[in-house]
Structures are given as C-alpha cells and as structure tokens.
Amino acid sequence: MMNNGTRPRRLALIATKGTLDWAYPPFILASAAGAMDWEVGIFFTFYGLPLLKKTINPAITPVGNPAMPMKMPFGSERFQNINWAIPNVITHNIPGFDTMATGLMKKMFKNKGVATIEELREMCMETDVRLIGCQMTMDVFGFSKDEFIDEAEVAGAATFLEFAADADISLFI
Amino acid sequence: MLDIEVNVKLDCRGMSCPMPVFKTSKALKNLKVGETLEVISSDPGFVLDIQALVRQTQNKLLVTQEMNDHVFRYVIEKTQQNLG
C-alpha cells in the first residue's frame, strides 16, 4: 500500500527472446519500474527462459536482421560512425561471425555506459521483481531447476495470468 | 535555489538508461524525509526520466541545471517515506 492509500502500479512482462539485444528490454523496463517502487513480474518462457540460468551468455546474430547497425566500437569517431555494409554471404557463412558480432556489441554497450544483462538482472532482484520461469519450457528443453538462479520461481501460465490480471501495464516482449 | 544545501551527492556521469534512475532511487531510499540529493548525469534521456521518477515515488525535484554539454545537475528533496 502506498502512503496515499492506493496500491502501487504493477507491470507484467513476458520475456520470450534470449538473444543479447532482446534480453535488454524486459530487464531494463523491470529494473526501472522496480526503481519507481512498482510491483513487477516477468514470465520467462521459450527462448527467454535461459535468461534465468545461473550462467548466461546471450549472443546476437545479424542473420535475418537488416536493421542491425554494423559499427566498430573502437577507432576514431569518424571510423566508429561507419555503418559497414557486410554482405549476407559473409554474415551467414563465415564461422565465428556471430561470436565476433556479439563481442563488438558488448563492447559498444560498455563504451556507452550500458549495464550488462547480469547487472540488470541483479538490479531486478534488488527491487524484488518476480522472476517466473516457465515450467513447461523447462520440461521441453530438458533444463533442470538447479541450473537456474535461486530467485527464480517456477510456475505455469496461470501464475502469470493471475499476477497480470491486476497489472496496469502488460507487455509481451 | 541553485546553491541549496545538499545532504548526499551522486555522480551518474557516463551511465545509460536505466542506471541513473536506479541509482537515484536507491540513494533516495537512504535519505530521511526533508533531506536532499544531488545527482549529476550525462544521459540526455534522464532529463525527462528524473521527472517521471520523482512523480512516481512522490518526491520533489527542486533544481535542474545544465552545467555543460549534456551534463545536468539535479537536486531532489525527499518528501515521501520509503514505500513498503
């Protein structure tokens, strides 16, 4: 209960994507809402579920994403502003290209003062964000509970829906 | 207003969203009602975000002052007890 007698605002998120770029939105929104004293819950399902593992290593791929800027996080300002037009035949076929692209994006985030996914997840835990892992996805992908952080609850759709029923904002990410 | 007395100072220069919001919120929680917090930030998005933060946490933004190129100084007065 807030001091003026009303209940706090509530944010309900569904995180379905496990790539480095798409891991950011749920954790950023949740930690910002947590900082504003909102109640927050995130339901991690399908490819979003591994984000609750003890060790996480989300990666990106430029494959199938023509909107991804291909910029270098080092060198002169002019060099960093070049958007490299790398042909699909290279991005799709060169072994290790995704690993390199992931490394460059992490470096770019760091240069711009963006927190890591691990740091943002830590911030969510600090503000009591509910982190709900999807039991069904866990069974389908063959994950076991002990691969996940202790703070993760494991539950199904009904648990999330009950939480989201009283939410002011619900987003599917 | 610009030379208002501040109790705690927080430097968020170089940090991107949502770090300044998070750090500011955390610093506010450690203050007593009536005390003030000074925040320095270089995040252009924080100019509006700090207003949302103080509205949502029911505190008061006393000062917004541009120091130089995109670096702003803010002073917040804690006017609300920590929420449970």
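Throughout, a chain's letter reflects where its sequence line sits, starting with A, and its residues are numbered from 1.
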Discussion item. Between A:Phe27 and A:Phe44, is the ring centroid distance below 6.0 Å?
Written reply: yes
Worksheet item: Does the ring center of A:Phe163 lie less than 6.0 Å from the ring center of A:Phe43?
Response: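 Between A:Phe43 and A:Phe163, which both carry aromatic rings, the centre distance is not below 6.0 Å.
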Fill in: Portion of A:Leu120 that has a non-hydrogen atom of chain B nearer than 4.5 angstrom
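The side chain, not the backbone.
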Worksheet item: Where does A:Glu126 contact chain B at under 4.5 Å (heavy atoms): side chain, backbone, both or neither?
Response: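 Only the side chain of A:Glu126 comes within 4.5 Å of chain B.
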Worksheet item: Hey, what do you get for CD1 (B:Ile4) to CG (B:Leu62), rounding to the nearest 0.5 Å?
Response: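 Spacing of CD1 (B:Ile4) from CG (B:Leu62) equals 4.5 Å.
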Discussion item. Within 45 degrees of the ring normal and closer than 6.0 Å to the centroid, is that where the cationic atom of A:Lys53 sits relative to A:Phe143?
Written reply: yes
Item to complete: Side chain from CB out, backbone as N, CA, C, O: work out which of these in B:Lys23 comes under 4.5 Å of a heavy atom of chain A, or both, or neither.
Response: neither
